[in-house]
Peer 1: 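Could you have a look at this structure, given as structure tokens, before my questions?
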Amino acid sequence: MRHERTLSRLLCAASLAFSAAAMCQTPGAALDTKPANIRFGYITGIAFPTYIVAEDRGYFKGENLSIEKVFLNGSGAVSEALAAANLDMGNSAPASTVLATSKGGRTIAVSGNETTFTDKSGKTWEAVYVVVRSGEGIRNLNDLRGKRVAVNDYGSVYNYLLRWRFQAAGFNPDSDLTILAMPFAQMAGALVQKQVDAIVAVADGYAQAKQRIPVDVIGSHTSLEGLDVGLSSVIAVSNEFLRNNPDVVVRFLRAMLKARLYMAEAVANNDMQLMDIIAKNMKYNPERAKFFWETRGGYYGKELEYVNLLDIPKRLVARQFEVLKSINLLKADVPTTYENVVDIRPLRRAYVTLGLKWDESKH
Amino acid sequence: MKVLALYPLALVLALWELSARLGLIDPFFLPSLSATLASMRENYVLLASDAAASLMRAFAGFSIGASVGLVIGMLMARYRAIDSFFDPLIGAIFPTPKLALFPLLMVWLGLGEASKIALVALAAFFPIVINTYAGMRNVDKFLVWNALTKDANAFQMVTRVMFPAALPFIFTGVRVATSFSFLLVVAAEMLSASGGLGFRIIYSQRTFEVETMYAAILLIAILGFTVDRLVGLIGRRLTAWQDTAAR
């Protein structure tokens, strides 16, 4: 078993080294702009506004890319498909990517995607909320002892963070907490019908629950993770695809960066067209669209106080390693090197080609 | 000699281990048999607890489905009115994939044990009701007439003539029902559970604990095989009187 793991890690390192050689060309060198198709793993039922905008405003087309969306039901499934090279790129969660890569999966993260943080004015922009029914005596995470909590997927970072927090509080997450996986779309109903006691829901689910019964929020992504900035999703790539198509990856990231620049400008100018794009794609009614905008969709540009656009900060990766090792999903001797799980060079190259400034102090 | 009859299984297992050792398969997706067995040893407490949960659900569901199936099958065979009532219902519902009904069961019965046991009961019901009905209807008429000449009443007819004569059919249904029970319990646990072998498989898959995932799969295969052999043995004992063609 150890021999197999060593072999996998060597293969992984070799493919990364090969990618490094491929990437060693001058960052500013002209990109290969031949038409390319990307099989892209997309998690069902979750809003990824940056991707939505990039698609809607033709930024992928502008980079001569056609995206073939493949819907999967969780970040673990996306990471697995990337490792098997059944997908080229995909939305995954930071923890899933760190876990898959550390265990020998041939996939690596190349950029952040959607950010969660509290801005300068104190407003929180959260990916998820830990929502409970009001009046049942659950005021904080410790009160979840003996309760049932819904997360979207067992491979979700929220499963890991809940376990980590519970363990830190001196409880046994295996016996003192029941974690059930269910799609985000079902969570509000499950909470209302008392099938679960708490849900880790996206803004949409929170809004739906709130519309039907009195609820309280006892936690969020950033409060669970304990960092100034978090990522609810990252863009990951199959090692094979990155090795064979480094420029295609850069072009994809250029399209995403262009989308984010547009979104930041739209937020700064209070341009509601951005909200319309997201609402149209996610099929939100006006009330849900407004709630989404107020809790999630209106953050673009504000995250630059803390992190470079689409960057994966080192402190975030370090936290993933800490959490995964603490709950025994990663062995203590697994190397916790940032470069093992993130290849940030395509993103930096995208920055250079777009004339954007990279701030190393935020990385 | 009976052990030698398992050589196809041994061959598959040997090929599995050999493929892994020769590096023909990526251990990220399929670990070696030895790694899987090592994980089984390391996690035996966890897997035993999961196996107990799955077996409990399967047994509970099977018991309910089998009991109801037996009774309804016998009544259908005995009374035309009951046959006319249940036959079209069985014809309509039997082909429906039972797993497709699971979301409905979760809404009606909740996310706990009831919905999973109900699903298994549904799955176990149909092969047993159908085979019980077929078995009872195919009882040799000579046996029935013989019992009638000896003034057997309806209860004696069913319990001492028809039911024993139908046992071979019924046991075929029981074997199919036990397989279905395992299948559905694992599938239900994959969709919604916090314990059990199905849950362990999906949880291990999502957290990239591949060895544990395959350990759970292997354990399901072992348990399924064992239960199937046990049911076959019980069936052969109970129907030892039946003439069968010698091999």
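Just the heavy atoms: all of them, side chains too, but no hydrogens, waters or symmetry mates, feed the values below. A, B, ... follow the sequence lines: proteins, then strands. Residue 1 opens every chain. For clarity, every value in this text was computed on a predicted model and none was experimentally measured.
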Peer 1: Would you say that A:M182 contacts B:L191 through its side chain, given a criterion of any heavy-atom pair below 4.5 Å between the two side chains?
Peer 2: no
Peer 1: Under 4.5 Å from any heavy atom of chain A, what part of B:Y203 do you find: side chain, backbone, both or neither?
Peer 2: both
Peer 1: Start with the C-alpha gap between B:L111 and A:R148, add the side-chain angles, then the distance that decides, and say whether side chain to side chain contact (heavy atoms under 4.5 Å, CB included) holds.
Peer 2: CA-CA 10 Å; B:L111 300 176; A:R148 295 156 301 170; over 6 Å; no
Peer 1: Testing the basics here: between B:F208 and A:K103, what is the closest heavy-atom pair and its distance to 0.1 Å?
Peer 2: O-CD, 3.1 Å
Peer 1: Roughly how far, to the nearest 0.5 Å, is OG of B:S194 from CD1 of A:I179?
Peer 2: 9.5 Å
Peer 1: Would you indicate whether the side-chain heavy atoms of B:F29 and A:E80 approach each other to under 4.5 Å?
Peer 2: yes
Peer 1: Who among A:S156, A:A190, A:A181, A:A83 has the most heavy-atom pairs with chain B under 4.5 Å?
Peer 2: A:A83
Peer 1: For A:A77, is it the side chain, the backbone, both or neither that has a heavy atom under 4.5 Å from a heavy atom of chain B?
Peer 2: both
Peer 1: Closest heavy-atom contact between B:R206 and A:Y160?
Peer 2: O-OH, 3.7 Å
Peer 1: In Å, rounded to the nearest 0.5 Å, how long is the span from CD of B:E209 to OH of A:Y154?
Peer 2: 15.0 Å
Peer 1: What heavy-atom pair brings B:M106 and A:Q195 nearest, and what distance separates the two atoms?
Peer 2: O-NE2, 3.3 Å
Peer 1: Does atom CZ of B:F59 have more than 12 heavy-atom neighbours from other groups under 6.0 Å away?
Peer 2: no
Peer 1: Please, which pairs that meet side-chain hydrogen bond (donor to acceptor under 3.5 Å, both in side chains) have at least one residue in residues 52-69 of chain B, sequence neighbours excluded?
Peer 2: B:S54-B:E189, B:R57-B:E113, B:R57-B:E189
Peer 1: Chain B heavy atoms under 4.5 Å from A:D174: which part of the residue, side chain, backbone, both or neither?
Peer 2: neither
Peer 1: Hey, what do you get for CG (A:N328) to OG1 (B:T207), rounding to the nearest 0.5 Å?
Peer 2: 11.5 Å
Peer 1: Nearest 0.5 Å please: distance from the CG atom of A:L180 over to the CZ atom of B:F199.
Peer 2: 8.5 Å
